[in-house]
Amino acid sequence: MPKAINFLHLENWFNKWASERLHSGDYAPLVGTRNSDRRRASTWAHPADPLISHYRRFPGVRSLILELIGISEEAFSERADQIAAGKEQKAAQQIAEDKANAFELARSQVLDCAENKTKLIEIAHQHGVEVKKSWRREEIILAFQAYPEVCQQVIGLEVEEKINSGGVCPQK
């Protein structure tokens with residue numbers, strides 16, 4: 001890459017391109033990731049990721065990349081660490097959002113796999129949510145709201161035990 005940049009006299013362009021990416025504050029989820037996947041830093045992308053990846057994968061061109069960008073190795077490493085910390089922060093923000101919206105997220109998951117009221121009651125009992133057979137579907141769903149920790153477990157936020165390892169749908 002650096003030889004091509006020099007050969008084509010693209011040093012100024014590369015410097016501007018790389019600097020813009022390194023100093024960008026933009027983070028975006030990788031294409032195709034679900035909200036629940038966004039709780040991991042590895043599912044967040046930053047515009048400088050290709051540059052950082054190239055820098056790490058090809059030690060022979062590190063000095064050329066740094067020279068073209070006009071940055072020291074320490075400054076580059078520090079910025080790469082800041083970007084990694086930013087991804088961790090985005091993942092933490094997603095966890096906080098999911099905790100705040102746990103009932104709504106759990107509600108949609110439970111409704112997706114409960115084709116009928118009997119299945120809904122079974123799911124509620126599986127998660128320790130007290131419901132009565134005489135309740136309507138909506139009343140059963142609303143009962144989950146009284147159990148925020150269960151809602152967090154249903155959407156995969158539990159830390160200690162994966163009671164929902166196979167999804168919220170009961171085993172068939």
Side-chain angles (χ1 to χ4, degrees), residues 1 14 16-62 65-66 69 71-115 119-120 122-129 140-172:
M1 175 181 80
F14 183 79
K16 182 180 177 196
W17 176 86
S19 293
E20 286 174 356
R21 272 143 189 79
L22 277 174
H23 299 294
S24 172
D26 296 338
Y27 294 88
L30 294 173
V31 175
T33 57
R34 299 174 304 197
N35 279 353
S36 60
D37 292 334
R38 296 175 189 168
R39 298 177 196 142
R40 293 187 316 272
S42 62
T43 62
W44 288 91
H46 185 272
D49 285 348
L51 181 65
I52 294 168
S53 174
H54 196 79
Y55 177 84
R56 290 181 176 155
R57 280 192 355 203
F58 303 107
V61 297
R62 286 181 181 168
I65 290 174
L66 295 173
I69 299 172
I71 191 172
S72 70
E73 186 171 354
E74 295 80 27
F76 187 89
S77 294
E78 184 178 316
R79 184 61 189 135
D81 291 345
Q82 290 170 349
I83 290 168
K87 291 178 181 184
E88 291 289 340
Q89 184 178 13
K90 293 301 277 186
Q93 287 172 347
Q94 185 66 47
I95 290 169
E97 284 179 28
D98 287 355
K99 281 184 179 180
N101 299 313
F103 171 68
E104 286 303 321
L105 295 169
R107 177 184 186 183
S108 66
Q109 283 189 16
V110 168
L111 285 174
D112 283 348
C113 68
E115 309 90 35
K119 286 281 188 194
L120 189 57
E122 186 179 333
I123 292 168
H125 286 236
Q126 178 186 15
H127 290 286
V129 176
I140 296 168
I141 289 295
L142 287 175
F144 277 86
Q145 197 166 17
Y147 298 85
E149 67 284 346
V150 170
C151 293
Q152 290 177 17
Q153 290 170 349
V154 167
I155 63 170
L157 282 174
E158 74 278 357
V159 177
E160 298 176 1
E161 184 178 320
K162 294 274 186 191
I163 68 163
N164 193 29
S165 60
V168 297
C169 297
Q171 301 294 332
K172 293 184 180 183

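We're numbering straight along the sequence, starting at 1.
Residue S24 comes nearest to P47 through the heavy atom pair OG-CG, 3.6 Å, listed as atom of the first residue, atom of the second, then distance. When all heavy atoms of I140 and A124 are compared, the pair lying nearest together is CG2-CB, 4.4 Å. Of all the heavy atoms in Q109 and V154, the pair that sits closest is OE1-O, 3.0 Å.
Side chains of L51 and I69 form a contact here, defined as non-hydrogen atoms less than 4.5 Å apart. Under the 4.5 Å side-chain criterion, counting only non-hydrogen atoms from C-beta, R38 is not in contact with R34. With contacts defined as side-chain heavy-atom distances shorter than 4.5 Å, the pair S72/L66 does not qualify. Between H46 and K87 the shortest side-chain heavy-atom distance falls below 4.5 Å. At a threshold of 4.5 Å between non-hydrogen side-chain atoms, the residues D37 and W44 do not count as touching. The shortest distance between side-chain heavy atoms of I52 and F76 falls below 4.5 Å. Under the 4.5 Å side-chain criterion, counting only non-hydrogen atoms from C-beta, Q152 is not in contact with I95. A 4.5 Å side-chain heavy-atom check between I83 and Y27 finds at least one atom pair inside the cut-off.
For the salt bridge (charged side-chain N to carboxylate O under 4.0 Å, His left out) test, no residue two or more places apart in sequence or in another chain qualifies with R56. For R21, there are no salt bridge (charged side-chain N to carboxylate O under 4.0 Å, His left out) partners two or more places apart in sequence or in a different chain.
Taken to the nearest 0.5 Å, the OG1 atom of T43 stands 6.0 Å off from the CG atom of L30. Considering CG of L120 and NE2 of H125, their distance stands at 9.5 Å, rounded to 0.5 Å. The structure places CG of D112 at 11.5 Å from CZ of R107, a figure rounded to the nearest 0.5 Å. Once rounded to the nearest 0.5 Å, the distance linking NE2 of H23 with CD of Q82 reads 9.5 Å. Here CG of D98 is found 5.5 Å from CG of L105. Values are rounded to the nearest 0.5 Å. Between the NE2 atom in H127 and the CD atom in E149 there is a gap of 12.0 Å [rounded to 0.5 Å].
Taking the six-membered ring where the residue is Trp, the centroids of F103 and F144 are separated by 6.0 Å or more.
A donor-acceptor pair is defined here as one N or O able to donate and one able to accept, closer than 3.5 Å; no such pair exists between the side chain of S53 and the backbone of D49. Between the side chain of R39 and the backbone N or O of A91 there is no donor-acceptor pair closer than 3.5 Å.
E97 and N101 share no donor-acceptor pair across their side chains, judged by distance under 3.5 Å alone.
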